[in-house]
Amino acid sequence: HWVRETWQCAFQVAWLFEHPTLQACAKKISEQSHEPQVSELTRVARTDTLPLSQGQLRLWFLYQYAPEAVAYHMPVLLRAKQIDFFRLQAALGKLVERHEILRTTYPEVMGKATVSIAESVPIEVQVSDYRKISGEALQTNIKGLIETPFDLAHGPVFRVNLVQTVDDFILLFNFHHIACDGESSRILMHELALAYEDDLDDYFNTPLAIQYVDYALWQTLPEQQQLSDLAFQYWQQQLGDTRYIRLGQSLPRTLDVGDSASVVSHSLTPQQQSNIKQLAVLSGCTHYVVHLALWQQWLMYCAQVDHIRIGTVVSGRHDAQLEKIVGFFVNSLVLQSQAGHETMGELLADVKLQMMNAMRYQSHPFETLVERLKVARHRSISPLFQVMFSYFQDDNTVDALGFELAEFTKQPKFDLTISVLDQPNQTVVELEYRDNLYSKQQINTLITGFSALLDNLSVELSDPVSQL
């Protein structure tokens, strides 16, 4: 964002990898600084014909198809030993006043989705006293709160529950994905802490220059449509084969969208971490690329296929003005890997290039890509890819006010989600899987085999991939 604003160029992350020295990168920026720039984000008049973003529109259609489905509920659970109810309500009021999207509903008018922004909405915190229950019964009750359907036409698009248990309080925020993504939830939790402390009023007295609906309208500009069409040509070439790929033997797939997830975690040994770091340095790749490449190879081996598609997510916040905006910006990218690389060096170079190209053409919304490719849809099968790969270098602990994130299990969006939490002293791999599709034994075998692969991983780029 800083480079874009300072040199007025459409800076791309891929340039850092294509031009790895400061001199080379500066030369690239200088060459591009006179090129036409993308349209600026500006605040638009609040009329009766405001659009949904392309991502929102797809979620709205999915909601019409299955309003009871909870895959797009985004719960955040915080635990605290004590909490001031009235300060909490006041803090929530500041958040709702600051972010229009928390006051937005999506009624259907003449068969089309519309945007309705309220000037104000009442702040309701539902209080539940669960001090007489614990364990599985407590989890079941909280799960019921999470799975209560939203009404997108009338709102609200988020709910807050305060649950008192025998040991502490659980503060449950539940957003519909149409109004919030992962980065947005972090913004809201940070601002909640500021508002609850009530010692940084200047933060809230400075209104946001733009809101999410301004971004949604910006997407419809002709210049953005041209960029999106260019990106579609790339994805169409990359993803010609859209058939469903199964990861080896699994249980019969259910048609019920209410299936649940289970999680298996595994901590990498110091030697395994060292092997990955050495490969990253030698190949000029990030740790993300090395982890991704190894998982792609391992899953292809397990599924006995010569190619595989894995999804990953990007924040979608291309402009500095969007850094503090709450909304649905996140976009999914599809990374397709082929077997047949001769050496580790070739494999990592190919995955690195694949990732750079995906970042370059990330402007095309995944939801629209699915429609334009005419991919067959089903409520229980994610289109284009069924495995999601996520990589984090920070944990999600909420330090402010003594809150900490509470664990919970939600409905899975994918057959398998691989999450890598990479910290200086520890790397943890977490596999979330549909437990009506895979057994725990199968997933344990998958993670055990991957661990053995890391134990025997060579850090020589000239070594053959086949030895993996």
Side-chain angles (χ1 to χ4, degrees), residues 238-239 241-254 259-269 272-273 275-276 279 285 287-312 332-344 346-348 350-351 354-355 380-391 412-422 427-458 463-468:
Q238 289 291 306
L239 305 173
D241 181 5
T242 61
R243 290 174 297 175
Y244 170 62
I245 298 174
R246 298 188 77 165
L247 294 177
Q249 295 298 317
S250 61
L251 303 173
R253 178 177 285 277
T254 178
D259 46 3
S260 60
S262 294
V263 176
V264 170
S265 296
H266 173 76
S267 295
L268 270 58
T269 66
Q272 291 172 343
Q273 286 182 275
N275 290 346
I276 288 174
L279 268 180
C285 296
H287 292 184
Y288 171 94
V289 167
V290 176
H291 280 281
L292 173 63
L294 294 175
W295 271 108
Q296 286 175 328
Q297 291 297 307
W298 180 235
L299 291 177
M300 279 192 287
Y301 175 81
C302 292
Q304 293 296 291
V305 294
D306 60 3
H307 74 285
I308 194 169
R309 294 183 302 272
I310 293 181
T312 193
S332 296
L333 305 180
V334 189
L335 307 174
Q336 181 157 290
S337 180
Q338 304 283 343
H341 297 94
E342 294 291 333
T343 66
M344 288 296 298
E346 290 178 11
L347 168 65
L348 293 173
D350 184 59
V351 175
Q354 177 191 140
M355 193 66 218
S380 68
I381 303 177
S382 171
L384 291 179
F385 65 90
Q386 290 76 47
V387 179
M388 171 62 78
F389 180 84
S390 300
Y391 177 87
K413 296 185 181 72
F414 310 100
D415 292 356
L416 178 67
T417 298
I418 304 166
S419 300
V420 178
L421 175 57
D422 200 359
T427 299
V428 178
V429 179
E430 182 179 277
L431 302 187
E432 179 189 87
Y433 61 97
R434 293 185 188 270
D435 53 19
N436 64 348
L437 187 62
Y438 298 108
S439 68
K440 187 174 182 179
Q441 181 180 357
Q442 287 174 307
I443 300 301
N444 279 330
T445 300
L446 184 70
I447 194 70
T448 300
F450 185 73
S451 180
L453 180 151
L454 295 181
D455 284 335
N456 296 280
L457 183 63
S458 170
D463 282 352
V465 173
S466 57
Q467 77 176 20
L468 287 175

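- A search for side-chain hydrogen bond (donor to acceptor under 3.5 Å, both in side chains) contacts involving Asn444 returns nothing, not counting sequence neighbours.
- Within the 4.5 Å cutoff, no side-chain heavy atoms of Ile310 are placed close to those of Ile418.
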Mind running side-chain contact (heavy atoms from CB on, under 4.5 Å) on Ile276 and Asp422 for me, showing each step along the way?
CA-CA 11 Å; Ile276 288 174; Asp422 200 359; 5.9 Å; no
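- Between Gln272 and Asp455, some side-chain heavy-atom pair lies under the 4.5 Å cut-off.
- Note that the OG atom of Ser419 and the NE2 atom of His291 stand 12.0 Å from one another [nearest 0.5 Å].
- Between Leu239 and Gln336 there is a side-chain heavy-atom pair separated by less than 4.5 Å.
- Residues Met388 and Ser390 come closest through the heavy atom pair CG-OG, 4.0 Å.
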Could you go step by step and tell me if Leu457 and Met344 meet the side-chain contact (heavy atoms from CB on, under 4.5 Å) rule?
CA-CA 10 Å; Leu457 183 63; Met344 288 296 298; 4.2 Å; yes
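- Inter-residue side-chain proximity for His287 and Val420 is flagged as unmet; no heavy-atom pair is nearer than 4.5 Å.
- Considering all non-hydrogen atoms of both residues, Gln297 and Ser337 come closest at NE2-OG, 4.2 Å.
- Not counting sequence neighbours, the partners of Ser267 by the side-chain hydrogen bond (donor to acceptor under 3.5 Å, both in side chains) test are Gln426.
- Here the side chains of Leu299 and Val305 are not in contact, with every heavy-atom distance at 4.5 Å or above.
- Under the side-chain hydrogen bond (donor to acceptor under 3.5 Å, both in side chains) criterion, Thr417 pairs with no residue at all, not counting sequence neighbours.
- Between Leu292 and Leu335, the shortest heavy-atom contact is CD2-CD1, 3.4 Å.
- Residues forming a side-chain contact (heavy atoms from CB on, under 4.5 Å) with Glu342 (at least two apart in sequence, or on another chain): Glu346.
- Gln296 places no side-chain N or O within donor-acceptor distance of the main-chain N or O of Ile308, the cut-off being under 3.5 Å.
- Residue Tyr391 qualifies as enclosed at atom OH: its count of foreign heavy atoms under 6.0 Å is above 12.
- Here the closest heavy-atom approach between residue Leu268 and residue Val429 is recorded as CD1-CG2, 3.5 Å.
- Looking at Thr312, its side chain does come within 3.5 Å of a backbone N or O of Phe389 through a donor-acceptor pair.
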Evaluate side-chain contact (heavy atoms from CB on, under 4.5 Å) for Tyr288 paired with Met355, printing each intermediate quantity in order.
CA-CA 10 Å; Tyr288 171 94; Met355 193 66 218; 3.5 Å; yes
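- Although no hydrogens or angles enter the test, the distance criterion places no donor-acceptor pair under 3.5 Å between the side chain of Ser451 and the main chain of Ile447.
- Scored by the side-chain hydrogen bond (donor to acceptor under 3.5 Å, both in side chains) test, Ser265 finds no partners at all (sequence neighbours excluded).
- Phe414 pairs by the ring pair (Phe, Tyr, Trp, His ring centres under 6.0 Å) definition with Phe385, not counting sequence neighbours.
- Taking OH from Tyr301 and OG from Ser466, the interatomic distance works out to 12.0 Å, rounded to the nearest 0.5 Å.
- Arg309 places a side-chain N or O within 3.5 Å of a backbone atom of Leu384 that can act as its donor or acceptor partner.
- Ala452 pairs by the side-chain contact (heavy atoms from CB on, under 4.5 Å) definition with nothing, not counting sequence neighbours.
- The two residues Ser262 and Asp435 come nearest to each other via the heavy atoms OG-OD2, 2.9 Å.
- Panel note: side chain Asn275, backbone Leu454; a donor-acceptor pair is recorded below 3.5 Å.
- Atom CD in Gln442 sits 9.5 Å away from atom CG in Leu446 (nearest 0.5 Å).
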Begin with the C-alpha distance, continue with both residues' side-chain angles, and end with the deciding distance and a verdict on side-chain contact (heavy atoms from CB on, under 4.5 Å) for Trp298 and Leu294.
CA-CA 6 Å; Trp298 180 235; Leu294 294 175; over 6 Å; no
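- In this structure, the side chains of Leu437 and Gln386 stay at 4.5 Å or more apart for every pair of heavy atoms.
- Taken to the nearest 0.5 Å, the CZ atom of Arg434 stands 10.0 Å off from the OH atom of Tyr438.
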